[in-house]
Amino acid sequence: DGGITQSPKYLFRKEGQNVTLSCEQNLNHDAMYWYRQDPGQGLRLIYYSQIVNDFQKGDIAEGYSVSREKKESFPLTVTSAQKNPTAFYLCASSREGFQPQHFGDGTRLSIL
Amino acid sequence: EDKVVQSPLSLVVHEGDTVTLNCSYEVTNFRSLLWYKQEKKAPTFLFMLTSSGIEKKSGRLSSILDKKELFSILNITATQTGDSAVYLCALTTSGTYKYIFGTGTRLKVLA
């Protein structure tokens, strides 16, 4: 079955540490996205990528970095510069930039 | 600035009730409006609307878009406890791959 796989499901970060969240899709979608969801909030866009080797900042990119070396993969690194990283992180993909997005099951990140 | 506002923020109803969720927006170059249901983890797609006045329907759920008044509604009839979730509205605009999400409406259906 085609879909999006995010790992790990839960992640703990120590102060000053960078952590990387994995997102893999086998839907053959060109576009991939990272969102942050805080309690009681909607989805806020961190980064998105329309095509391999290209990505753009979203609304809250500070303290995060991404890469898009393969069509299937769009990992997100939460750097030590992100002072409030505790949140639920969702990865999504879409065939085109107006079609329905498919979402992974998310990674919940907490600070130790 | 492009904006999506959902109302109400939360709603508690009893099984069998009908609910109407609202999504109003201000965007330039509208392309599509999408509704999602989020229970615990991944949002799941419900409807995509691109044309005004055409109702999309799936079982007890239906949605319609009014491009003149800049809003969409999601109706759920004969609600069930399984309808309890956060319902998200998102918009896309021409010329960008960004999706703009509202804050969602949290629906709780009591048995």
Side-chain angles (χ1 to χ4, degrees), chain A residues 1-10 23 25 27 29-52 54-61 68 74 87-109, chain B residues 1-11 21-25 27-51 56 58 63 65 67 85-108:
Chain A
D1 283 339
I4 297 183
T5 301
Q6 288 188 241
S7 63
K9 292 191 188 315
Y10 301 94
C23 178
Q25 55 102 355
L27 298 164
H29 286 170
D30 284 319
M32 295 188 75
Y33 304 78
W34 274 106
Y35 294 95
R36 171 179 171 141
Q37 189 174 34
D38 293 284
Q41 304 263 346
L43 305 185
R44 293 189 290 167
L45 181 64
I46 305 173
Y47 270 97
Y48 65 105
S49 168
Q50 296 175 211
I51 200 165
V52 175
D54 187 40
F55 50 83
Q56 286 79 39
K57 292 182 179 180
D59 302 316
I60 56 166
R68 185 88 187 275
F74 192 41
F88 187 54
Y89 291 86
L90 282 163
C91 178
S93 72
S94 67
R95 189 158 49 88
E96 292 182 69
F98 70 99
Q99 296 280 355
Q101 291 178 306
H102 294 249
F103 286 86
D105 279 343
T107 293
R108 195 165 297 278
L109 175 62
Chain B
E1 184 185 339
D2 295 337
K3 190 165 67 171
V4 177
V5 178
Q6 292 187 245
S7 62
L9 290 180
S10 65
L11 192 56
L21 311 183
N22 299 283
C23 175
S24 63
Y25 62 90
V27 295
T28 52
N29 301 317
F30 172 94
R31 188 152 190 205
S32 66
L33 185 147
L34 304 107
W35 284 97
Y36 294 87
K37 176 183 182 182
Q38 185 180 25
E39 293 183 76
K40 287 184 180 175
K41 297 179 180 176
T44 54
F45 169 70
L46 295 174
F47 299 112
M48 182 172 78
L49 302 133
T50 56
S51 300
K56 293 285 183 86
S58 176
S63 183
L65 172 67
K67 289 172 76 173
V86 174
Y87 290 84
L88 296 164
C89 171
L91 266 89
T92 70
T93 59
S94 300
T96 174
Y97 272 52
K98 289 176 71 170
Y99 292 70
I100 306 156
F101 280 85
T103 54
T105 292
R106 183 174 296 276
L107 173 65
K108 187 172 179 66

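Every heavy atom of this structure was used, including side-chain atoms; hydrogens, water molecules and symmetry mates were not. The sequence lines fix the lettering, A, B, ..., with proteins before strands; numbering per chain opens at 1.
- Both the backbone and the side chain of Phe98(A) have a heavy atom closer than 4.5 Å to some heavy atom of chain B.
- Both the backbone and the side chain of Leu43(A) come within contact range of chain B, each with at least one heavy atom under 4.5 Å from a heavy atom of that chain.
- In this structure a side-chain-to-backbone donor-acceptor pair under 3.5 Å is present from Tyr99(B) to Gln99(A).
- Of the atoms belonging to Thr96(B), heavy atoms from both backbone and side chain fall under 4.5 Å from chain A.
- Between the side chain of Tyr97(B) and the backbone N or O of Tyr33(A) there is no donor-acceptor pair closer than 3.5 Å.
- When heavy atoms are compared at a cutoff of 4.5 Å, Ser32(B) approaches chain A solely by way of its side chain, counted from C-beta outward.
- Val86(B) places none of its side-chain heavy atoms less than 4.5 Å from the side chain of Gln37(A).
- Contact annotation for Tyr36(B): only side-chain heavy atoms (C-beta onward) come within less than 4.5 Å of a heavy atom of chain A.
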Below 3.5 Å, can you tabulate the donor-acceptor pairs from side chains in residues 100-107 of chain A to any protein atom, sequence neighbours excluded?
unit_1, atom_1, unit_2, atom_2, d
Gln101(A), OE1, Tyr35(A), OH, 3.3
Gln101(A), NE2, Tyr35(A), OH, 3.0
Thr107(A), OG1, Pro8(A), O, 2.5

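- Interface remark: Gln38(B) contributes side-chain atoms only to the contact with chain A (heavy atom separation under 4.5 Å).
- Of all the listed residues (Cys89(B), Pro43(B), Ser10(B), Ser94(B)), the one sharing the greatest number of non-hydrogen pairs under 4.5 Å with chain A is Pro43(B).
- The NZ atom of Lys41(B) sits 10.5 Å away from the CD atom of Gln6(A) when rounded to the nearest 0.5 Å.
- By the neighbour-count criterion of 12 heavy atoms within 6.0 Å, atom CZ of Arg44(A) is densely surrounded, having more than that number from other residues, nucleotides or ligands.
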